[in-house]
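Each remark here refers to the structure printed beneath this line.
The chains referred to below are lettered A, B, ... by the order of the sequence lines, with proteins before strands, and numbering in each begins at 1.
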Amino acid sequence: EAQVTQNPRYLITVTGKKLTVTCSQNMNHEYMSWYRQDPGLGLRQIYYSMNVEVTDKGDVPEGYKVSRKEKRNFPLILESPSPNQTSLYFCASSLSKQGMTEAFFGQGTRLTVV
Amino acid sequence: SQKIEQNSEALNIQEGKTATLTCNYTNYSPAYLQWYRQDPGRGPVFLLLIRENEKEKRKERLKVTFDTTLKQSLFHITASQPADSATYLCALGGSSNTGKLIFGQGTTLQVKP
């Protein structure tokens with residue numbers, strides 16, 4: 001089954017404690033990205049990757065890092081989480097640039113930073 | 001700056017009627033426009049994609065129109081069912097090298113039996 005898998009689904013952490021949210025896709029997609037979704041602000045892109053070892057900033061990259069060492073995996077790293085990073089996070093993948101083809105989204109990770 | 005507007009108020013309709021959702025945008029010239037469905041706490045699910053040179057696209061009970069002059073897309077669900085109740089997101093893309101999607105905030109549809 002074609003899918004994008006994120007882990008964990010729920011996470012509560014304390015300010016400053018480094019964390020990683022994993023994302024994996026089994027469709028051999030080139031393009032992957034991370035979004036955060038906040039009430040009233042909709043989905044906003046954090047980082048994206050057009051292929052292995054190619055990553056770039058989206059609209060709200062501050063406080064986040066990513067890596068793309070393998071085509072299937074695109075982890076999101078919060079080196080020093082702060083309360084304003086409390087949000088619902090989604091990983092998405094697509095065959096090529098998003099916009100041109102459908103995007104497949106993961107189930108989401110609800111992060112709370114206290 | 002680029003802006004996408006979808007009705008922020010929920011749309012309530014009776015089962016069997018046609019639901020029509022609106023997506024308006026400014027300061028953008030998308031090559032593609034997509035519609036997604038999102039259920040509470042879940043990831044968006046792709047429904048339809050329409051290109052700038054297409055006026056209309058259909059898939060089963062769904063129909064999308066794309067008017068690049070008006071900078072507007074309409075999304076129709078015919079013979080609506082309670083299972084269609086969800087939030088529907090409009091997303092624009094394809095006109096930048098980043099390949100990103102720009103999402104509207106979504107319109108919540110409630111179909112009553």
### Query
Should L74(B) and I13(B) be counted in the same cluster of Ile, Leu, Val, Met, Phe, Trp and Tyr side chains packed under 4.5 Å apart?
no
### Message
Working to the nearest 0.5 angstrom, can you tell me the gap between Y36(B) OH and E102(A) CD?
### Response
7.0 Å
### Query
Side-chain heavy atoms under 4.5 angstrom apart, residues restricted to Ile, Leu, Val, Met, Phe, Trp, Tyr: same cluster for Y31(A) and V54(A)?
yes
### Query
If you count the non-hydrogen atoms of other residues, nucleotides and ligands that lie under 6.0 Å from CD in Q14(B), is the total more than 12?
yes
### Task
Below 4.5 Å from any heavy atom of chain B, which atoms of Q37(A) appear? Answer side chain, backbone, both or neither.
side chain
### Query
What about V52(A) and M50(A), same hydrophobic cluster or not, with Ile/Leu/Val/Met/Phe/Trp/Tyr joined at side-chain heavy-atom distances under 4.5 Å?
no
### Query
To the nearest 0.5 Å, how far apart are CG in L101(B) and CG in L43(A)?
9.5 Å
#### Entry: Atom CZ of R44(A) with >12 non-hydrogen neighbours under 6.0 angstrom
yes
#### Entry: Check: Q105(B) side chain, P39(A) main-chain N or O, donor-acceptor pair, under 3.5 Å
no
### Query
For chain A, which residues of residues 43-62 of chain B have at least one non-hydrogen atom nearer than 4.5 Å to it?
G43(B), P44(B), F46(B), L49(B)
### Message
With a 4.5 Å cut-off on side-chain heavy-atom distances among I, L, V, M, F, W and Y, is there a chain of contacts connecting V4(A) to L95(A)?
### Response
no
